[in-house]
Number of protein chains: 2
Amino acid sequence: MTARPEHDAVTILQSARLRRTAPRIAVLESLLASDGPLTQEQITAHIGPRGPNRVTVYRILESFVAAGVVRQAFLRDRAQHYELAHCCPRHRVHPHFTCTQCGKTCCLPEVDLPMPAAPVNGFLVSRQRVEWEGLCPSCRQSPAAD
Amino acid sequence: MTARPEHDAVTILQSARLRRTAPRIAVLESLLASDGPLTQEQITAHIGPRGPNRVTVYRILESFVAAGVVRQAFLRDRAQHYELAHCCPRHRVHPHFTCTQCGKTCCLPEVDLPMPAAPVNGFLVSRQRVEWEGLCPSCRQSPAAD
DNA sequence: TTTTTATGTGCAACTCAGTTGCGAAAAGAG
DNA sequence: CTCTTTTCGCAACTGAGTTGCACATAAAAA
Ligand SMILES: [Mn+2]
Ligand SMILES: [Mn+2]
Ligand SMILES: [Zn+2]
Ligand SMILES: [Zn+2]
């Protein structure tokens, strides 16, 4: 279950010097179990009815972002999507792909998009965010269903 | 003032078969006068106190997007930013640059970022959005003030 | 272990961008 | 000018995220 220490909720909390509370462990485990960024609403739904208050989830995510454990991946439908930060460096985040057919969003951490090192038209780029839209592998094979 | 017909509010409305009303002309002229995407709030502020109701501005922008005259450029601080669509094709939108110092966002229409033609890891990309962050030309020269 | 203290949590109320319903106004057709 | 259709203004609503404050609890100190 707990293969690498980076993928264990309690280990992540300890190395980030964050208090080990039930709500924090639950939020971390939701993010660890997901294959893509999640909203507060999705995290709360994943934890279940006995989980923490939604305000608590927001505050936990805020503290995780401050500690560098979690990153704000992107904003969609006016809702912030959060993901674990241990997969890629801060300033060159991997592209995120959203399927126009099934609506699922995936991380593409193995894709390395070059970021301009020299200024472009006088603009010095230090951080880039790329969002892709199109058809995911499974929707390309079966265009009707998911 | 009205150099090219593409840059004239009334002409844009006529060629899009949209009714020529004072609120629509005012919204179009705000976008024409701006060098970057605008929010409803910014458009309303630009028009002034005698301008249309904010709900009307939202509905006008909605109809412009449906007619292909305006595009939803990006979402920032939970607010949608709109820009005129006549500057670049639908599926390969130019990158938008936001300065971390002065906060201004600029369009970079002359920058042509390649979009993957072949599927990446099985994902067929049909639309891409790129956001850049860093220092704008004027903030690079005078790091303290704008 | 028990006590103490700093930090985390739950609840209610709030903010703010955007939406909806509906009656009034006005653009364009005839 | 009259009629029809679309647009507009207002009020109320929605939903994500925030804030203030009292209470709970993890971790440090005794
Ligand atoms: Mn990701
Ligand atoms: Mn632009
Ligand atoms: Zn799909
Ligand atoms: Zn600047």
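Throughout, a chain's letter reflects where its sequence line sits, starting with A, and its residues are numbered from 1.
If you measure from atom CD of B:Gln72 to atom C1' of C:dG18, you get 11 Å, rounded to the nearest angstrom. Note: CD1 (A:Ile47) to P (C:dG10) measures 10 Å, nearest angstrom. Put simply, CG on B:Leu13 is 14 Å from C1' on D:dT6, counting in whole angstrom units. Atom CG of A:Asn53 is separated from atom P of D:dC21 by 18 Å (rounded to the nearest Å). We find that CD of B:Gln42 is positioned 11 Å from P of C:dG18, with the value rounded to whole Å. Atom C1' of nucleotide D:dA11 and atom CZ of B:Arg54 are separated by 11 Å, given to the nearest angstrom. For the pair B:Ile25 CD1 and D:dT7 P, the computed distance is 14 Å after rounding to whole Å. Whole-Å rounding puts the A:Gln80 CD to D:dT18 P distance at 9 Å.
In this structure the side chain of B:Glu131 never reaches within 4.5 angstrom of the side chain of B:Thr98, judged on heavy atoms.
Here the side chain of B:Ser126 pairs a donor or acceptor atom with the backbone of A:Glu133 at under 3.5 angstrom. Here the side chain of B:Thr11 pairs no donor or acceptor atom with the backbone of B:His7 at under 3.5 angstrom. In this structure, B:Arg71 contributes its side chain and B:Glu83 its backbone to no donor-acceptor pair below 3.5 Å. A donor-acceptor contact shorter than 3.5 Å links the side chain of B:Ser63 to the backbone of B:Ile60.
Residues A:Arg127 and B:Thr100 bring no donor and acceptor atom of their side chains to less than 3.5 Å of each other.
Put simply, the side chain of B:Arg20 and the base of C:dG28 share no donor and acceptor less than 3.5 Å apart. No N or O donor and acceptor, one from the side chain of A:Arg78 and one from the base of D:dG15, sit under 3.5 Å apart.
For DNA chain C, the residues of residues 56-64 of chain A within the heavy-atom distance limit of 4.0 Å (strictly under) are A:Thr56, A:Arg59, A:Ile60, sorted by number.
Taking NE2 of A:His96 as the reference point, atom CH2 of A:Trp132 lies at 11.5 Å (rounded to 0.5 Å). Rounding to the nearest 0.5 Å gives a distance of 9.5 Å between OG1 of A:Thr39 and CG of A:Leu61. Rounded to the nearest 0.5 angstrom, B:Leu28 CG and B:Leu13 CG are separated by 5.0 Å.
Checking D:dG9, C:dA12, D:dT7 against every side-chain atom of A:Val55, the shortest atom distance belongs to C:dA12. Side chain of A:Thr21, nearest nucleotide from D:dA11, C:dA27, C:dT9: C:dT9. Of the candidate nucleotides C:dG18, C:dT7, D:dG17, D:dG17 has the atom lying nearest to any side-chain atom of A:Ala79. In this structure, of C:dA6, C:dT9, D:dT7, it is C:dA6 that holds the atom nearest to the side chain of A:Arg19.
For the pairing with A:Phe123, the side-chain contact (heavy atoms from CB on, under 4.5 Å) check across B:Pro95, B:Cys99, B:Cys106 returns one residue only, B:Cys106.
When the C1' atoms of four end pairs are superposed on the next four at each end of the helix from C:dT1-D:dA30 to C:dG30-D:dC1, using five pairs per end, the two resulting axes differ in direction by 30°, to 10°.
Each of A:Arg24 and B:Asp77 was matched to the nucleotide of DNA chain C holding its nearest heavy atom; the match closer to the 5' end belongs to A:Arg24.
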